[in-house]
Structures are given as C-alpha cells and as structure tokens.
Amino acid sequence: MSKMSYSSASMGSGSRTARRTVEFGRTYVVRPKAKHQATIVWLHGLGDNGSSWSQLLDNLPLPNIKWICPTAPTRPVTALGGFPCTAWFDEGELSEDGPNDVEGLDASIAHIANLLSTEPSDVKLGIGGFSMGGACALYSAACFAQGKYGNGNPYPINLKAVVGLSGWLPGARNLRNKIGSNDAARRAASLPILFCHGQCDEVVPYKYGERSSQMMISAGFRYVTFKSYEGLGHYTVPKEMEEVCQWLHTRLGA
C-alpha cells in the first residue's frame, strides 16, 4: 500500500498563491508468475480504483509481467458538475486541443514514472490504461517522445510499450509541433502503441480514439496499431484483452 502526495503552486485569488496537494490512493501489485521480464503500470478509468483491474490482469496468460495498479486521487470533476471521485486529472469536455488540466496530468504521470523508476534495469517498462487511464498512458507516450512533461521538466522513463483502451490523447492536435528535434522523432518512431476502441462507445466517442491515433501517426509515431470493435461500448471484452495479451507478448517478449 503506498500513498504519495504531490504539491504544486497554483494561482489563488489575486496575487496570493494557493497550495494544492493531491493524494494518490492505494497501489495494487500483481507479481509475475515466472521470470520477471516486464513491468506495466495499468491505470483505471474515472471513478474506479486499482483493485478491480489488478484482479482482471492477474488472470491474463502473461506470466512474465509484473502489473502495478495505482489508484487515482479523489478530486472534483468538472464533467460531473464538480462531483468528487477518483480521477487522474480534471476533465471537462473532451477536446483534441490542449488539455484543460496539464497540472493534474503531469502530477499523475509523474506518479506513474515514480512507480516505474525503481524497477530492475533489465526489465522492460510499459504503461496501459482504460478510458481516462488510457488518456494518461497516451499522454505519457507523448511526454516520453518529447523528453519532458507538459510543464517542461525532464521525463525520466524509457518506455517500451503503451496501451490505451477506450481512451484518447489529451492535446493531440498540438503533438506534431512538439516533436521537432531528432531525438524526439527517434523516440516517437521507436515506441509501440496499441489503441483499442469500441465503435459504440457512448462515454469516449470512437472518433476521439481514431483521431488521436491518426494524429500520433502523423506526428511520427510509426508503430501505432489501432483496433476497432464493432458493437463495443465503454467497457472491455475477452476478445479485446486476448489481443492486448498477444500484442504485449509480441512487443515485450513476455
């Protein structure tokens, strides 16, 4: 069980500065059942917690992967009229323009990077997630390529695989302008990404997943696999998880 606080200065009323502390919930870990070859942080969706995904991941036929399933902080969410629930960042209306809550996104993906930072050096590192968790995973991919968080601080993790289910990339429209340097282009071109999205998703519309994948490809991410599922809403099905397993097995050799 681990809790971690993230403090940041955000502008309060007038010239005063208010401190905002975000406390992450419990982290659940699924140990590898065979030789440890890869570690993946997996991120739940809005209002969920790490426990439900850890149970599902524990049953996947991927014995060489260690799964780390953190729980997001509880915060007021604009899209829910300010109702507080577990959320990786605040989200209002879905948009391909810049994310509304860069501070919240950066705090969450820094927490994820911190969870991966103590893994053995010979273990491959990945991030995956569902819905808002998928958005964080894809945002992590963008920060990995750029070599920095949204706030400009260096991004420290060498990612080898990213999976986004029923998600989107916050700020996808601006991505192409940010991957200009040779190093950034090389990192983008080297990172395998799996996008899966249901065509009948009523929460995160299918077009957002499809457009995010297209914008990542046009920004220089060469290894993007996009899978669409006819009749699938905002949830996962065994066929989708089987394809995630196959893809991870191929990409990580796990």
Side-chain angles (χ1 to χ4, degrees), residues 38-46 48 50 53 56-57 60 62 65 67-70 72 87-89 91 94-96 99 104-105 108-109 111-113 116 125-146 150 155 157 159-173 175 179 187-188 190-201 203-229 232-237 239-248 250-252:
T39 297
I40 298 175
V41 172
W42 190 273
L43 308 165
H44 62 75
L46 182 65
D48 201 358
W53 274 99
L56 186 152
L57 298 167
L60 295 182
L62 292 167
I65 294 181
W67 301 93
I68 302 176
C69 303
W88 298 109
F89 53 95
E91 183 59 55
L94 280 186
S95 164
E96 284 136 359
L105 265 166
S108 285
I109 69 160
H111 179 66
I112 297 156
L116 288 170
L125 305 178
I127 302 174
F130 173 77
S131 189
M132 182 180 254
C136 265
L138 295 166
Y139 185 77
S140 296
C143 291
F144 161 72
Q146 292 165 59
Y155 184 78
I157 301 300
L159 291 179
K160 293 294 185 186
V162 169
V163 178
L165 309 185
S166 310
W168 74 100
L169 173 61
R173 188 171 288 164
L175 183 63
I179 301 191
R187 284 190 295 265
S190 72
L191 180 64
I193 297 172
L194 176 65
F195 262 93
C196 299
H197 217 111
Q199 292 180 12
C200 298
D201 193 325
V203 179
V204 179
Y206 175 76
K207 67 175 183 182
Y208 283 102
E210 188 178 40
R211 275 191 210 154
S212 289
S213 72
Q214 289 166 352
M215 286 175 178
M216 291 189 88
I217 291 166
S218 72
F221 286 87
R222 283 186 201 163
Y223 295 110
V224 175
T225 303
F226 186 78
K227 301 249 181 196
S228 66
Y229 295 84
L232 180 65
H234 197 65
Y235 48 87
T236 57
V237 286
K239 181 180 182 234
E240 183 183 38
M241 294 313 294
E242 281 166 23
E243 293 194 335
V244 169
C245 287
Q246 188 59 49
W247 187 85
L248 285 171
T250 304
R251 293 296 170 200
L252 298 175

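Everything numeric here is computed off the predicted structure, so don't read it as measured data.
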OG-NE2 distance between Ser131 and His44, expressed to the nearest 0.5 angstrom: 11.0 Å
Can you tell me how far apart CZ (Phe226) and CD (Gln214) are? Round to the nearest 0.5 Å. 8.0 Å
Leu43 versus Ile127, closest heavy-atom pair with distance: CD1-CG2, 4.0 Å
Backbone N/O of Leu105 and side chain of Ser108: donor-acceptor pair under 3.5 Å: no
Within a strict 4.5 Å, meaning less than it, do heavy atoms of the Tyr155 and Ser140 side chains meet? yes
Residues Val204, His197; criterion side chain to side chain contact (heavy atoms under 4.5 Å, CB included); working and verdict: CA-CA 9 Å; Val204 179; His197 217 111; 3.7 Å; yes
Considering only heavy atoms from C-beta outward, does the side chain of Glu243 approach that of Lys239 to under 4.5 Å? yes
Please assess Leu175 against Met215 for the test side chain to side chain contact (heavy atoms under 4.5 Å, CB included), listing each intermediate value before the final yes or no. CA-CA 7 Å; Leu175 183 63; Met215 286 175 178; 5.8 Å; no
Taking C-beta and beyond as the side chain, do Trp88 and Pro70 meet within less than 4.5 Å on heavy atoms? yes
Check against side chain to side chain contact (heavy atoms under 4.5 Å, CB included), Trp42 and Val163: CA-CA 9 Å; Trp42 190 273; Val163 178; 3.9 Å; yes
Is it the case that atom OH in Tyr206 sees more than 12 heavy atoms from other parts of the structure closer than 6.0 Å? yes
How long is the span from the SG atom in Cys200 to the CG atom in Leu232, to the nearest 0.5 Å? 8.0 Å
Any Tyr223 side-chain heavy atom under 4.5 Å of Thr225 side chain: no
If the plane angle is over 60° it's perpendicular, under 30° parallel, otherwise tilted; pick one for Phe130 and Trp53. tilted
Within a strict 4.5 Å, meaning less than it, do heavy atoms of the Met216 and Phe195 side chains meet? yes
Using 0.5 Å steps for rounding, measure from the CG atom of Leu248 to the CD1 atom of Ile65. 5.0 Å
Minimum-distance pair of heavy atoms, taken over all atoms of Ile40 and Gly128: CG2-N, 3.9 Å
Interatomic distance, Phe221 atom CZ to Leu169 atom CG [nearest 0.5 angstrom]: 8.0 Å
So Pro170 and Trp168, do their side chains get closer than 4.5 Å, heavy atoms only? yes
Reported CZ-to-OG distance for the pair Arg211 and Ser213, which is rounded to 0.5 angstrom: 11.0 Å
For residues Leu159 and Leu116, report the shortest heavy-atom separation together with the two atoms involved. CD2-CD1, 4.4 Å
Would you mind reporting whether Leu165 and Met241 have side-chain heavy atoms less than 4.5 Å apart? yes
Check Cys69 against Gly50 and note the closest heavy-atom contact, atom names and distance. CB-O, 3.4 Å
Trace of the side chain to side chain contact (heavy atoms under 4.5 Å, CB included) decision for Asp201 with His234: CA-CA 5 Å; Asp201 193 325; His234 197 65; 2.8 Å; yes
Considering non-hydrogen atoms only, spot the tightest contact between Ser212 and Ala172 and give its length. OG-CB, 4.2 Å
What pair of heavy atoms forms the shortest contact from Ala137 to Gly129, and how long is it? CB-N, 4.2 Å
